[in-house]
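All figures in this text were calculated on a predicted structure; none of them were measured in a lab. The chains referred to below are lettered A, B, ... by the order of the sequence lines, with proteins before strands, and numbering in each begins at 1.
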Amino acid sequence: MSFMEFINFHLVPGIVLGSVYAVGAIGITLVFGILRFAHFAHGDMATLGAFIALALVTAGLTPWAALPVAMAAVAVVAIVVDKLFYDYLKARPKIMTVMASLGVALMLRAVVQVVFGVDPRTYATGIVRPDDYFGILLRDRELYTLAAVVLIVIGLTLFLRHSRWGKAMRAMSDNPDLARLSGVDNRKVTMLTWAIVGALCAASGFMLGINNELHSMMGWQVLLPMFAAAILGGVGRVEGAVLGGLIVGIAEEMSIFILPAQYKAATAFVLLLLILLVRPRGLLNGKVL
Amino acid sequence: MALLDMKAVRGGYGDADILHGVSMTVGEREIVVIVGPNGAGKSTAMKAVFGLLTVRGGHIVFDGEDITGWAPDRIVQRGICYVPQVDNVFREMTVHENFEMGAFLRRGDLSAAYDRIYGLFPDLKAKRRNLAGDLSGGQRQMVAMGRALMLDPKLLLLDEPTAGLSPKYMEQIFQITRDVRDAGVSILLVEQHAKQALAFCDRGYVLATGANRHEGTGQALLADREVAEMFLGG
């Protein structure tokens, strides 16, 4: 295998997949860091976002125009889910919220299956030939995916670093008691977090769908790699989630050199086990929960 | 009329009372220290002022208004800020961001407030972009006090500000506390280092088993034989 083949058939798909994982892992790490529980409905929220975008595409929008609308829609869904289920359990032990999120995952998936069916779908039919960029083969959808991920990460980082409410989110993640003593409204931060997390879910689901296909189990199947990415990078760290996502995505695509292709999905699990054994706080020293 | 007037306060965290009738006052521009043996209810008395405790008897009057039973966020807005003993900074935020969070409820131009804080804590000006968690214990305590002062409180509550600090930093924290008082803020603090604290404060209260035991000026308490024997190690 030549070097360019290695890049085009393994590294590029790994980076694309890894960027999608990164977007999902950022959401997981935000919920972990600020709301302090493992959100199992994350993958199925992504599925919902992907299918809302499909509905918009069916109605005539181009896929990339449907993306921001789907992000806004799932942001609202996430806020409503929080108000209906998680908020109700906030005084109870966190494990109850974790279990509730598992139930929400099943509900969201069932809604998708009832409305859209269980057959695989795509945003666009036909085969897209990749363009040649100095030997690197990239399809438009891959290029746009990478660009969108970069924009999302930069936008979110700027928001968290420099805006008043972004700082409030970081403060809540850092030291919730002190944030309350400083007058930060817990409910507003929670709502804002869910809006962002919902939008990120929709984005990751859409990107997964446009680079492959949509089916009702798609989000559930990427939940483990996304969790692995969040924990690998360090819980509560946005830049860690990006790093972790890229590592998991590339590792999955590379795993076929040493493992049969059927074991690709196990790669994330192995990475998760390794990091928990060797460096449980993640590469960038995240929180201990 | 005292700025803070606590009258016969009883209460605790759960069902059992920890405070069995604590009374104290803090005047304008006054440093008042609470000392006493472990388990005397020193920190608990302070938390009662800040609404972190179920008060079952007595009254807490601040600046002419009864604040008994108020929630902490309302008390903050009324002009009392509290610096907890531990976990009192945002470790993963910069020094300056800690101050920004302190001023979260304030709108408008805050440059005068920042100038005031960096004037009180000149050491922190050079470290304003460092993460608070990377600073030394003494400097972290300064960040914690600075964060609380950003809201421009009338009364500052400090829970063992010198715990775990070297004598050098302890002296520095006491000096800053005096500077803060001279800037017009009243201070109520809990101290383990009873001797040093009584020497620098305006007035002091000695608590034991959740009730007042002695009170007076710092010098008078230091000179009191009984206080010296009971709490100051002779």
Side-chain angles (χ1 to χ4, degrees), chain A residues 26 29-36 90-91 156-193 230 233-243 281-289, chain B residues 46-47 49-52 70-108 110 113 129 131-134 140-141 143-153 155-159:
Chain A
I26 292 171
T29 221
L30 287 177
V31 179
F32 246 140
I34 296 168
L35 307 166
R36 291 183 156 67
K90 71 178 171 205
L156 187 65
T157 307
L158 288 177
F159 174 76
L160 290 174
R161 289 255 169 85
H162 299 293
S163 77
R164 178 178 149 83
W165 282 100
K167 285 175 191 165
M169 282 174 66
R170 282 166 55 213
M172 198 53 99
S173 163
D174 191 326
N175 189 335
D177 290 332
L178 197 61
R180 275 192 286 274
L181 287 186
S182 307
V184 175
D185 187 338
N186 197 2
R187 289 161 307 174
K188 279 189 194 159
V189 171
T190 304
M191 214 168 132
L192 178 64
T193 305
V235 167
R237 299 211 167 266
V238 170
E239 64 282 21
V242 175
L243 183 66
R281 295 183 64 178
L283 296 172
L284 299 185
N285 259 333
K287 276 186 218 313
V288 182
L289 289 166
Chain B
M46 176 174 276
K47 285 175 184 162
V49 175
F50 201 64
L52 294 170
W70 283 24
D73 56 328
R74 199 163 157 219
I75 293 174
V76 167
Q77 305 229 27
R78 189 68 184 76
I80 303 181
C81 283
Y82 167 66
V83 180
Q85 183 186 346
V86 291
D87 287 334
N88 52 18
V89 297
F90 297 108
R91 305 175 72 95
E92 311 219 331
M93 299 178 87
T94 66
V95 169
H96 195 74
E97 284 173 338
N98 266 272
F99 295 159
E100 287 179 341
M101 286 316 297
F104 191 75
L105 291 172
R106 279 176 80 172
R107 295 305 187 103
L110 293 171
R129 298 200 182 284
L131 293 185
D134 292 343
R140 267 213 301 273
Q141 192 60 43
V143 173
M145 285 172 73
R147 184 203 59 82
L149 286 169
M150 281 303 294
L151 274 181
D152 208 3
L155 174 65
L156 188 61
L157 308 174
L158 304 175
D159 195 350

*For the candidates Asn88(B), Leu151(B), Asp73(B), which exhibits the highest count of non-hydrogen atom pairs separated by less than 4.5 Å from chain A?*
Asn88(B)
_Is Arg237(A) close to chain B through its backbone or its side chain, or both, or neither, when contacts mean heavy atoms under 4.5 Å?_
side chain
*If you count heavy-atom pairs under 4.5 Å between each of Asp185(A), Leu178(A), Leu181(A) and chain B, which one has the most?*
Leu178(A)
*Quick one: are Asp159(B) and Lys47(B) in side-chain contact, heavy atoms under 4.5 Å?*
yes
_Looking at Asn98(B) and Thr94(B), would you say the former's side chain and the latter's main chain have a donor-acceptor pair under 3.5 Å?_
yes
*Gln77(B) versus chain A, the contacting section by heavy-atom distance below 4.5 Å*: neither
*Decide if atom CZ of Arg106(B) counts as having more than 12 heavy atoms of other residues, nucleotides or ligands within a radius under 6.0 Å.*
yes
*Is the side chain of Asn186(A) donor-acceptor paired with the backbone N or O of Arg180(A) at a distance under 3.5 Å, no angle test?*
no
*Does atom CZ of Arg164(A) have more than 12 heavy-atom neighbours, drawn from other residues, nucleotides or ligands, at distances under 6.0 Å?*
yes
_Does any backbone or side-chain atom of Glu92(B) lie under 4.5 Å from a heavy atom of chain A? Answer side chain, backbone, both or neither._
both
*Report the option among Gly183(A), Ala171(A), Ser173(A) that has the most heavy-atom pairs separated by less than 4.5 Å from atoms of chain B.*
Ala171(A)
